[in-house]
Amino acid sequence: MKVLLFAGDFVEDYELYAPLKALEMLDIDVHVVCPDKKAGEIVQTAVHVMDSSLQTYLERPGHPFELTHTFADINLADYAGLVIPGGRFPEYQRYDGRVLDIVKHFFARNLPVAAICHGVQILAAAGVLKDRTCSGLHLCKIDVEAGGATFVEYSPESKNVHVEANLVTAPAYPAIGVWMREFIKLLGVKIQM
């Protein structure tokens with residue numbers, strides 16, 4: 001099984017690495033791509049620190065990440081699901097028609113999609129949220145509502161996740177565990193203990 005994972009400069013570090021490692025642990029082949037970049041090229045991640053005493057989150061440099069695959073070479077028919085982390089990269093990738101077309105492909109086929117934090121900005125720009133319900137970082141509420149969806153607001157520090165049909169959304173990195181658990185269920189992966 002293969003899953004596509006979007007990345008770009010200033011993707012949130014935890015929201016990139018944690019899903020990648022969780023899916024790899026289950027022997028899922030994760031292809032991490034970024035428009036106009038090739039396998040082996042680097043994107044810079046960012047670490048976002050939630051601090052309720054501030055009006056917004058702190059941003060610090062994260063790890064450099066080496067892309068696993070070349071964006072131009074992906075074959076959408078190969079993928080069982082899509083993961084869209086947060087961070088700042090959705091702010092600019094939501095203007096890339098190629099990214100939006102990929103999102104539309106997954107929704108048209110009702111394939112599992114997991115978006116967290118600012119990742120919902122890409123969904124809103126792709127026009128796939130109309131008449132749906134989803135979560136994300138509270139600072140993305142206006143994007144989600146402008147996209148025609150109802151926003152489910154959770155604290156950024158919460159471990160809450162929202163599931164609707166093929167879509168799994170969460171507010172921020174503290175919810176990564178439950179966010180991935182629900183995405184893995186949608187992929188049909190069975191875990192036995």
Side-chain angles (χ1 to χ4, degrees), residues 1-9 11-12 15-43 45 65-87 89-136 144 147-149 161-170 176 179-191:
M1 175 183 298
K2 295 179 184 174
V3 166
L4 188 64
L5 195 155
F6 285 160
D9 286 322
V11 59
E12 210 291 325
E15 295 169 4
L16 170 65
Y17 278 99
L20 171 64
K21 296 306 173 189
L23 295 168
E24 285 177 344
M25 179 187 72
L26 298 171
D27 204 27
I28 295 172
D29 187 10
V30 183
H31 293 192
V32 184
V33 298
C34 176
D36 303 320
K37 291 201 177 231
K38 296 179 181 175
E41 291 185 332
I42 300 295
V43 294
T45 72
F65 180 83
E66 186 176 315
L67 296 167
T68 64
H69 289 77
T70 300
F71 185 88
D73 294 344
I74 60 175
N75 176 8
L76 292 178
D78 291 344
Y79 300 105
L82 172 65
V83 177
I84 308 174
F89 90 97
E91 295 173 3
Y92 60 86
Q93 281 192 13
R94 64 182 163 169
Y95 294 99
D96 189 320
R98 299 167 297 174
V99 169
L100 303 183
D101 287 344
I102 290 169
V103 170
K104 291 174 188 175
H105 165 89
F106 282 89
F107 276 84
R109 288 155 185 78
N110 202 36
L111 294 170
V113 174
I116 193 167
C117 197
H118 286 84
V120 295
Q121 290 178 314
I122 291 175
L123 301 180
V128 297
L129 293 180
K130 187 167 176 36
D131 299 325
R132 298 196 69 148
T133 304
C134 72
S135 186
V144 168
V161 63
H162 184 79
V163 181
E164 183 189 81
N166 68 316
L167 179 60
V168 181
T169 53
I176 288 173
W179 177 62
M180 276 293 101
R181 179 190 67 212
E182 296 303 320
F183 179 64
I184 289 163
K185 285 181 189 175
L186 288 180
L187 289 173
V189 174
K190 304 288 185 221
I191 301 172

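Note that the numbering runs from 1 along the sequence shown for the chain. These numbers come from the heavy atoms of this one structure, side chains and all, not from hydrogens, waters or symmetry mates.
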J.: Heavy atoms, side chains only, cut-off 4.5 Å: are Leu4 and Leu76 in contact?
T.: yes
J.: Looking only at non-hydrogen atoms, find the nearest pair between Cys34 and Gly8 and report the distance.
T.: SG-CA, 3.7 Å
J.: Within the 4.5 Å heavy-atom criterion, are Leu167 and Leu129 side-chain neighbours or not?
T.: yes
J.: Could you check Lys38 against Glu41 for salt bridge (Lys or Arg N to Asp or Glu O under 4.0 Å), going step by step and ending with a plain yes or no?
T.: CA-CA 6 Å; Lys38 296 179 181 175; Glu41 291 185 332; over 6 Å; no
J.: Taking side chain as C-beta onward, heavy atoms only, is Asp29 less than 4.5 Å from Asp78?
T.: no
J.: Are Val161 and Ser135 side-chain neighbours, meaning at least one heavy-atom pair lies under 4.5 Å?
T.: no
J.: Which heavy-atom pair separates Cys134 from Val120 by the least distance, and what is that distance?
T.: SG-CG1, 4.5 Å
J.: Quick one: closest heavy-atom pair of Phe107 and Leu123, and the distance?
T.: CE1-CD2, 3.7 Å
J.: Listing request: all salt bridge (charged side-chain N to carboxylate O under 4.0 Å, His left out) pairs with a residue in residues 103-130, at least two apart in sequence or in separate chains.
T.: none
J.: Assess whether side chain to side chain contact (heavy atoms under 4.5 Å, CB included) is satisfied between Ile116 and Ile84, documenting all intermediate values.
T.: CA-CA 7 Å; Ile116 193 167; Ile84 308 174; over 6 Å; no
J.: Could you go through Phe89 and Asp9, starting from their C-alpha distance and side-chain angles, then the distance that decides it, and tell me whether this counts as side chain to side chain contact (heavy atoms under 4.5 Å, CB included)?
T.: CA-CA 6 Å; Phe89 90 97; Asp9 286 322; over 6 Å; no
J.: Does any part of the side chain of Leu5, heavy atoms only, come nearer than 4.5 Å to the side chain of Leu16, both counted from C-beta?
T.: yes
J.: Could you go step by step and tell me if Leu82 and Phe6 meet the side chain to side chain contact (heavy atoms under 4.5 Å, CB included) rule?
T.: CA-CA 8 Å; Leu82 172 65; Phe6 285 160; 4.0 Å; yes
J.: Main chain of Ala7, side chain of Gln93: is a donor-acceptor contact present, judged purely on distance under 3.5 Å?
T.: yes
J.: Side chains of Met1 and Val189: does their closest heavy-atom pair fall under 4.5 Å?
T.: yes
J.: Tell me whether Thr70 contacts the main-chain N or O of Ala39 through its side chain, where contact means a donor paired with an acceptor under 3.5 Å.
T.: yes
J.: Does the separation of the ring centres of Tyr17 and Phe65 fall below 6.0 angstrom?
T.: yes
J.: So does Val32 get a backbone contact from the side chain of Thr68, meaning a donor-acceptor N/O pair under 3.5 Å?
T.: yes
J.: Any side-chain to backbone donor/acceptor pair from Arg98 onto Pro35? Under 3.5 Å, distance only.
T.: no
J.: Hey, can you pull the donor-acceptor pairs under 3.5 Å for the side chains in residues 180-188, sequence neighbours left out?
T.:
unit_1	atom_1	unit_2	atom_2	d
Glu182	OE2	Lys185	NZ	3.2

J.: What closest approach, in Å, do Ala18 and Ile176 show between heavy atoms, and which atom pair accounts for it?
T.: CB-CG2, 3.6 Å
J.: Are the side chains of Trp179 and Thr169 in touch, meaning some heavy atoms are under 4.5 Å apart?
T.: no
J.: When you measure from the side chain of Glu15 to the backbone of Gly86, do you find a donor-acceptor pair of N or O atoms at a distance under 3.5 Å?
T.: yes
J.: Which atoms form the tightest heavy-atom contact between His69 and His31, and what is the distance?
T.: CE1-CD2, 3.1 Å
J.: For Val99 and Ile122, run side chain to side chain contact (heavy atoms under 4.5 Å, CB included): C-alpha distance rounded to whole Å, both residues' side-chain angles, the deciding distance at 0.1 Å, then the answer.
T.: CA-CA 8 Å; Val99 169; Ile122 291 175; 3.9 Å; yes
J.: I'd like to know whether CG of Asp27 has more than 12 heavy-atom contacts from other residues, nucleotides or ligands below 6.0 angstrom.
T.: no
J.: What closest approach, in Å, do Val113 and Phe106 show between heavy atoms, and which atom pair accounts for it?
T.: CG2-CB, 3.8 Å
J.: Side chains of Val83 and Leu23: does their closest heavy-atom pair fall under 4.5 Å?
T.: yes
J.: Whether the side chain of Glu66 engages the backbone of Ile42 through a donor-acceptor N/O pair (distance < 3.5 Å, no angle test) should be reported.
T.: no
